[in-house]
Protein chains: 2
Amino acid sequence: MTSEETLEQFNLRKTKIRIAVLDSLSQSAVAQSYSTMQNALHEFDRITLYRTLLTLTEYGLIHKAYEENGESFYARCFGCTGQLHNHEHLHLKCSSCGGVECVEISDQLKSSLAQLPFQEINISAKGACKACASA
Amino acid sequence: MTSEETLEQFNLRKTKIRIAVLDSLSQSAVAQSYSTMQNALHEFDRITLYRTLLTLTEYGLIHKAYEENGESFYARCFGCTGQLHNHEHLHLKCSSCGGVECVEISDQLKSSLAQLPFQEINISAKGACKACASA
DNA sequence: TAGTTTTTGCAACATTGTTGCATTTGTTGC
DNA sequence: GCAACAAATGCAACAATGTTGCAAAAACTA
């Protein structure tokens, strides 16, 4: 599904920056930081980018995958809604390239997590991402 | 062990703010945010607080337990060094009082995590902390 | 295409992170 | 306790991000 179709499905206006952000995150293997996106989308105002990220997060189209030292990394969200996120993965911050990758987790780990009496469980880790590990 | 003795053990100078920060975090059941500490320790300069947190983190006396929306929460660190942290717990952000609590995790979950080929594995969750759950 | 609603871009300000530097404080040897 | 040295503090200054208000522009609807 194209970014335009996705926005239409959620009854969101198809503006240039929303399409650009969704396109960019959809094509990216890793989650992107605010500053990275700001550089890539420098034709747009930074406040507009900020508000676009808020809106897309609110509707569950993207989510903040990782946050470190005040830097936020956003990823395209599939199978999530504004309320419920698909947490069948962990967020791996690559020690080599600095990118943030979503990694599937084992069934054993999933069942262990399912027993916890908490919501919004989030696992992050550091190591080598797929691209850097195979390089 | 008192905060003064701890600082001595690590060959760190026993300054007022270091003792105040260690005392505050040692007595606190939950991790404290930068702004909370800034308010509590307003007789000290905010840059000094910032550098104190850096130094104590570097020596493994405290650690950044949780980070959300640019707000960092610090906790007293026991059984950790600058290099290796004791990650036998998860960080629970209380939906009610906003505090961050360290919660012990099950052996099953520990063994699941031990199988992951990553370092610095960190789990955070949202729910009711001990104090708020029993209230 | 005109009218309505939403979004954008800009100004403005708050908070946090960060560095340089002069002053103050902690520590050590006498 | 005091002098001397090293380290830490407090302040100025600036960068990045977060956040709100508002007029202009763009997207949608009839």
Side-chain angles (χ1 to χ4, degrees), chain A residues 2-24 31-59 61-74 82 98 100, chain B residues 2-24 31-59 61-75 82 93 98 100:
Chain A
T2 66
S3 299
E4 283 93 336
E5 288 168 339
T6 304
L7 288 169
E8 209 160 322
Q9 198 181 27
F10 282 81
N11 276 311
L12 286 167
R13 292 194 175 188
K14 288 164 273 179
T15 65
K16 284 178 191 168
I17 190 169
R18 287 180 183 164
I19 293 167
V21 167
L22 283 179
D23 279 351
S24 177
Q32 293 184 24
S33 71
Y34 175 73
S35 61
T36 301
M37 281 191 275
Q38 204 177 311
N39 287 333
L41 307 169
H42 60 274
E43 70 261 38
F44 301 103
D45 187 73
R46 79 173 183 90
I47 290 101
T48 303
L49 174 58
Y50 162 74
R51 280 193 270 225
T52 298
L53 294 173
L54 276 185
T55 303
L56 295 180
T57 299
E58 185 189 340
Y59 281 81
L61 298 183
I62 65 175
H63 72 292
K64 197 186 275 192
Y66 188 79
E67 187 174 349
E68 188 183 32
N69 298 328
E71 207 175 8
S72 295
F73 291 77
Y74 294 87
V100 174
Chain B
T2 65
S3 299
E4 282 92 338
E5 289 169 338
T6 304
L7 288 169
E8 210 159 318
Q9 198 181 28
F10 280 82
N11 276 310
L12 286 167
R13 294 196 173 186
K14 288 165 274 178
T15 66
K16 285 176 191 169
I17 189 168
R18 287 180 184 166
I19 293 166
V21 167
L22 282 179
D23 279 352
S24 176
Q32 292 184 23
S33 71
Y34 175 74
S35 60
T36 301
M37 284 190 272
Q38 204 177 311
N39 287 333
L41 307 169
H42 60 274
E43 69 262 35
F44 301 103
D45 188 73
R46 79 171 185 91
I47 289 100
T48 304
L49 173 59
Y50 162 74
R51 280 192 270 223
T52 298
L53 294 174
L54 275 186
T55 303
L56 296 180
T57 299
E58 186 189 340
Y59 281 81
L61 298 183
I62 65 174
H63 72 291
K64 197 186 275 192
Y66 186 79
E67 187 175 349
E68 188 183 33
N69 298 328
E71 207 175 9
S72 295
F73 292 78
Y74 294 87
K93 174 79 189 279
V100 174

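Sequence lines set the chain letters: A, B, ... in the order given, protein chains first and strands last, and positions in each chain run from 1.
- Following rounding to the nearest Å, R51(B) (CZ) and dG10(D) (P) show an atom-to-atom distance of 10 Å.
- Protein atom CD1 of I47(A) is 12 Å distant from nucleotide atom C1' of dA16(D), rounded to whole Å.
- When the C1' atom of dA8(D) is taken as reference, atom CG of L7(B) falls 13 Å away, rounded to whole Å.
- Note: OH (Y74(A)) to P (dT17(D)) measures 11 Å, nearest angstrom.
- Rounding to the nearest 0.5 Å gives a distance of 6.5 Å between CD of E4(A) and CG of D23(A).
- Between E43(B) atom CD and dC11(D) atom C1' there is a gap of 17 Å when expressed in whole angstrom units.
- With a 4.5 Å cut-off on side-chain heavy atoms, E68(A) and V100(A) do not count as touching.
- Rounded to whole Å, atom C1' of dT9(D) lies 15 Å from atom CG of L12(B).
- Here T48(A) lies in heavy-atom contact (under 4.0 Å) with a base.
- Within 4.0 Å of R18(A), counting heavy atoms only, lie sugar-phosphate atoms of the nucleic acid but no base atom.
- For the helix from dT1(C)-dA30(D) to dC30(C)-dG1(D), the end axes, each set by the C1' atoms of five terminal pairs, are bent relative to each other by 40° (nearest 10°).
- At the heavy-atom level, T55(A) lies nowhere under 4.0 Å from the strands shown.
- Contact annotation: Q38(A) does not reach the phosphate of dA16(D) (side-chain N/O to OP1 or OP2, under 4.0 Å).
- Taking atom NZ of residue K64(A) and atom P of nucleotide dT17(D), one finds them 12 Å apart after rounding to whole Å.
- A sub-4.0 Å separation between OP1 or OP2 of dT19(D) and a side-chain N or O of Y50(A) is present.
- Considering only residues two or more places apart in sequence or on other chains, S33(A) meets the side-chain contact (heavy atoms from CB on, under 4.5 Å) condition with S35(A), T36(A), E71(A), F73(A).
- Regarding D45(A), its CG atom lies at a distance of 14 Å from the C1' atom of dA23(D), rounded to whole Å.
- Rounded to the nearest 0.5 angstrom, T6(B) OG1 and Y59(B) OH are separated by 14.5 Å.
- The base of dG10(D) is not paired with the side chain of R46(B) by any donor and acceptor separated by under 3.5 Å.
- Listed candidates were dC11(D), dA27(D), dG18(D). Nearest to the side chain of S72(A) is dG18(D).
- The span of DNA chain C lying next to chain B, judged by atoms under 4.0 Å from heavy atoms, is bounded 5' to 3' by dT16(C) to dT27(C).
- The residue among L49(A) and S35(B) whose nearest nucleotide of DNA chain C lies closer to the 5′ end is L49(A).
- Judged by distance alone, with hydrogens and angles left aside, the side-chain atoms of T55(A) form a donor-acceptor pair with the main-chain N or O of R51(A) at under 3.5 Å.
- Counting non-hydrogen atoms under 4.0 angstrom, K16(B) reaches nothing in the nucleic acid.
- When each of R13(B) and Y34(B) is assigned the nucleotide of DNA chain C bearing its nearest heavy atom, the one mapping closer to the 5' terminus is Y34(B).
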